[in-house]
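Below: the structure, in structure tokens.
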Amino acid sequence: MDLSVSDCIYMSNYIGDAIDPYDQNTINRAFVKLQLPGIIPSHTQILLSTAQQIKVDPGMVGFIGLRSTWARLGFISPQTVADPGFEGHLTLEVFNASSNPIIIRPGDVIFHIIYVPGVNLAQYYGIYQGQTGITLPKALNEH
């Protein structure tokens, strides 16, 4: 199933200080909202939301991958898994590794999801369940 981009993204923002995974304030300062269409500068990280809301059935796992055209243009993205029982819009990370800026528009099909059956899979009840739009990283609770 193809996954397209919603109408806005968040771009990494150099804040000069370290981002503390246990401090939500430093996380929030590290990203700035960018309206689409948008130009993604070279060597820049973005977070984007899928336009589609997905629901992963129990007993299934969704593997989200970058479409090859976008990879050939210079985007890279970590392998992402949608756990059994996850419902919501996906927030995905992309890095422009090319030496050129790349333009993204609302509706661009950048990812796809492949559903694979699993055995004895735990149901997802995590902190990102039911998210809509882009969800910035949430601070960790424990050291």
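Heavy atoms only: backbone and side chains are in, while hydrogens, waters and symmetry mates are out.
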Residue pairs passing the side chain to side chain donor-acceptor pair (under 3.5 Å) test with at least one member in residues 93-104, sequence neighbours excluded, are N96-S98

Passes side-chain contact (heavy atoms from CB on, under 4.5 Å), K138 versus L136? Steps please.
CA-CA 6 Å; K138 293 187 178 182; L136 294 180; over 6 Å; no

Is the shortest side-chain heavy-atom distance between I54 and Y115 below 4.5 Å?
yes

Value rounded to 0.5 Å, distance of CE in M60 from CG in D83
13.5 Å

In this structure, OG of S77 is separated from CD1 of I110 (nearest 0.5 Å) by 9.5 Å

Where do I40 and L34 come nearest, in terms of heavy atoms and distance?
CD1-CD2, 4.0 Å

Measure the CD1-OG distance between I134 and S6 for me, rounded to the nearest 0.5 Å.
5.5 Å

Would you name the heavy atoms of T91 and G133 that are closest together and state the gap between them?
OG1-O, 3.6 Å

Applying the 4.5 Å side-chain criterion to the ILVMFWY set and letting contacts propagate, would F95 and F75 be lumped into a single cluster?
no

Side chains of I102 and I39, heavy atoms from C-beta outward: is any pair under 4.5 Å?
no

Do the side chain of Y128 and the main chain of G88 share a donor and acceptor less than 3.5 angstrom apart?
no

Inter-residue atom distance Q24.CD - L140.CG, 0.5 Å rounding:
9.5 Å

With rounding to the nearest 0.5 Å, note down the distance linking CD1 in I46 to CD1 in I9.
4.0 Å

Out of curiosity, does V32 fall in the hydrophobic cluster containing I103 (side-chain heavy atoms, cut-off under 4.5 Å, transitive links)?
no

When you compare the side chain of L90 with that of T80, does any pair of heavy atoms fall below 4.5 Å?
no

Do I64 and V81 have side chains that approach each other closer than 4.5 Å (heavy atoms only, starting at C-beta)?
no

Compare all side-chain heavy atoms of I113 with those of F63 and state whether any distance is below 4.5 angstrom.
no

Please find the pair of heavy atoms, one from M11 and one from P41, that lie closest to each other, and give the distance.
SD-CD, 3.6 Å

Which pairs count as side chain to side chain donor-acceptor pair (under 3.5 Å) when at least one residue sits in residues 40-61, sequence neighbours excluded?
S4-Q52

Please list all pairs passing the salt bridge (charged side-chain N to carboxylate O under 4.0 Å, His left out) test where one or both residues lie in residues 3-17, with sequence neighbours left out.
D17-R29

Sub-4.5 Å side-chain heavy-atom contact between C8 and K33:
yes

Which atom names give the shortest non-hydrogen contact between D23 and N25, and what distance separates them?
OD1-N, 3.0 Å

If only atom types and distance count, is the side chain of W70 paired as donor or acceptor with the main-chain N or O of V109 below 3.5 Å?
yes

Rounded to the nearest 0.5 Å, what's the gap from CG on L48 to CG on D108? Could you check?
10.0 Å

Connected via hydrophobic side-chain network under 4.5 Å: I114 and V61
yes

Heavy-atom pair with the smallest gap, counting every atom of I27 and P137:
CG2-O, 3.3 Å

Closest non-hydrogen atom pair, E87 against Q129
N-OE1, 2.7 Å

Check for me, please, whether V5 and I76 land in the same ILVMFWY cluster - side-chain distances under 4.5 Å, paths through other members count.
no

